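Below is one structure; the comments refer to it alone.
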Amino acid sequence: MFSQARSYLDYAVGALRYVHRQDYDVVFATSSRLFTGVLGAVIATWKRRPLYLDVRDIFVDTLKDVLTRRAFFLVRPFATLLERFAISRATTINLVSQGFEDYFRNRYPGEHFTFLTNGIDDYFVGAPVRTQGRKSIPANIVYAGNIGEGQGLEHIIPAAARRLEGQAIFSIYGEGARRPALERNCALAGVQNVLLQPPVPRHRLLEVYESCDALLVHLNAYDAFLKVLPSKIFEYGALGKPIIAGVAGYSVQFLREHLPDATVFEPRDVEGLVTAVKGLTEESPNLDRTVFVAKFRRDAISEQIAQGVRRIADTSAE
């Protein structure tokens, strides 16, 4: 954490030096990290320009899950103060998950919020990946992405793989801080049906998706994740493949509304994952994702964000 803070401080100092002699019409900041949003608010205040703030996480909630109870209560007032500064300085506030709505409306009732989500990259729009039913026994279940604390794969994959020996193979593509823990837990469980692979380039990723029987997304069982919406859902949703999702909270509501063919189970619920995999059939289900792709294309969402930026720029210029 100290090294991350040091790296961010270097970045912030460099950014402030860069903008020193620059002028802007609007400042745009996206806050997957709270301090990035705060930096945008500082620059907007300094330059006396409107701020478009794109909120991708609730930093205060995340702290509660990663810090000890004592450390959280020490840090929370400072983090809340910074959050309040960034929110109050913003002209437009976009929340990428509607699961954030109650948190922000309760704390900042006078603010106006928009809800533009993550989107589907053009590369996956119209990608030639379609379902053909269960291709093989054992079934090939693919996860591709970060292997970190947020995913919690080490808590569920080894035990589920042991239960599904001879029935399923879990192909895990990616790197992350918790990959060693996943490797260790797989070794302790004595499973041979978990294939840990390095990340693959995008042109290979479609081949990986084409070869699988289902796509897995999983979030750890943390309260902070009850409000988030994993970006992986949009990538998976563009493809004609069954989705097995270990999620809770708003993500479940989103899937039921927009991807009702997805199979949902509780995070870290081994039995739920086992049941979902066993539920895969050899018949080709009707996975028509046309409406989903049209609604959540990244270019369409980016255009709406651009329109919002132009509006506050035009208003500021009047």
Side-chain angles (χ1 to χ4, degrees), residues 4 8 11-12 14-16 18-19 22 24-63 79-122 124 145-146 150 219 224-235 237 249-251 253-254 258 295-316:
Q4 288 185 4
Y8 180 79
Y11 162 74
L16 291 171
Y18 178 81
V19 304
Q22 308 293 327
Y24 305 96
D25 297 310
V26 179
V27 176
F28 180 95
T30 182
S31 65
S32 57
R33 302 288 179 89
L34 173 64
F35 290 100
T36 308
V38 171
L39 179 60
V42 168
I43 294 171
T45 302
W46 179 18
K47 298 293 183 178
R48 298 181 181 180
R49 291 294 183 263
L51 171 66
Y52 188 112
L53 184 62
D54 184 50
V55 179
R56 297 183 167 271
D57 201 358
I58 301 176
F59 187 74
V60 177
D61 265 12
T62 304
L63 284 177
T80 301
L81 185 65
L82 291 176
E83 177 187 89
R84 183 172 296 278
F85 166 67
I87 294 295
S88 63
R89 183 60 186 79
T91 305
T92 296
I93 305 159
N94 181 64
L95 308 179
V96 298
S97 169
Q98 201 148 2
F100 296 164
E101 182 174 11
D102 287 347
Y103 174 92
F104 283 100
R105 287 205 189 280
N106 289 337
R107 287 161 179 77
Y108 312 104
E111 302 291 346
H112 173 70
F113 301 98
T114 60
F115 301 94
L116 299 175
T117 65
N118 286 298
I120 304 165
D121 288 333
D122 289 345
F124 296 103
N146 187 47
L219 291 180
F225 294 153
L226 295 175
K227 303 180 182 74
V228 304
L229 186 59
S231 59
K232 187 60 65 175
I233 285 176
F234 295 92
E235 182 177 308
Y250 177 69
S251 293
Q253 179 184 331
F254 181 88
H258 299 289
K295 184 170 184 176
F296 294 105
R297 292 176 61 123
R298 190 179 298 278
D299 55 359
I301 292 172
S302 296
E303 177 57 30
Q304 293 179 69
I305 292 175
Q307 289 175 7
V309 171
R310 285 195 293 268
R311 277 194 298 270
I312 63 174
D314 292 342
T315 301
S316 176

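Computed from a predicted structure; not experimentally measured. When reading the values below, keep in mind they use all heavy atoms of this one structure, side chains included, and skip hydrogens, waters and symmetry mates.
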K47 side chain vs V19 backbone, donor-acceptor pair below 3.5 Å: yes
Results of salt bridge (charged side-chain N to carboxylate O under 4.0 Å, His left out) for R105 - residues two or more places apart only: E101
Contacts table for residues 301-310: side-chain donor-acceptor under 3.5 angstrom, sequence neighbours left out:
{"from": "S302", "atom 1": "OG", "to": "R298", "atom 2": "O", "distance (Å)": "2.9"}
{"from": "E303", "atom 1": "OE2", "to": "Q307", "atom 2": "NE2", "distance (Å)": "3.3"}
{"from": "E303", "atom 1": "OE2", "to": "R310", "atom 2": "NH2", "distance (Å)": "3.0"}

Output field: ring centroids Y11/F35 closer than 6.0 Å: no
Partners passing salt bridge (charged side-chain N to carboxylate O under 4.0 Å, His left out) against R56 (at least two apart in sequence or in another chain): D54
pair L82-F85: side-chain heavy atoms closer than 4.5 Å: no
Nearest atoms (heavy-atom pairs only) where G145 meets K232: CA-NZ, 4.3 Å
Nearest non-hydrogen partners of L53 and G37, listed with the distance: CD1-CA, 3.8 Å
Inter-residue atom distance D57.CG - F100.CZ, 0.5 Å rounding: 5.5 Å
F104 side, atom CZ; I58 side, atom CD1 - distance, nearest 0.5 Å: 5.0 Å
From OG1 (T80) to CD1 (I87), nearest 0.5 Å: 11.5 Å
Which atom of I93 lies closest to which atom of A90, heavy atoms considered: CG1-CB, 3.7 Å
Straight-line distance of L39 CG to S31 OG, nearest 0.5 Å: 11.5 Å
Heavy-atom pair with the smallest gap, counting every atom of R297 and D122: NH2-OD1, 4.2 Å
N/O donor-acceptor pair under 3.5 Å between T92 side chain and Y52 backbone: no
Residue pair T315 / P50, side-chain heavy-atom distance below 4.5 Å: no
Straight-line distance of I233 CD1 to S251 OG, nearest 0.5 Å: 4.5 Å
Closest approach of K295 to H258 (non-hydrogen atoms, all atoms of both residues): NZ-CE1, 3.4 Å
Side-chain donor or acceptor of D25 paired with backbone N/O of A313 under 3.5 Å: no
Any Q253 side-chain heavy atom under 4.5 Å of Q98 side chain: no
Minimum side-chain heavy-atom gap N118-L229 below 4.5 Å: no
Distance (rounded to the nearest 0.5 Å) between S88 OG and E83 CD: 10.5 Å
Atom of V27, atom of G40 and distance for their closest heavy-atom approach: CG1-O, 3.6 Å
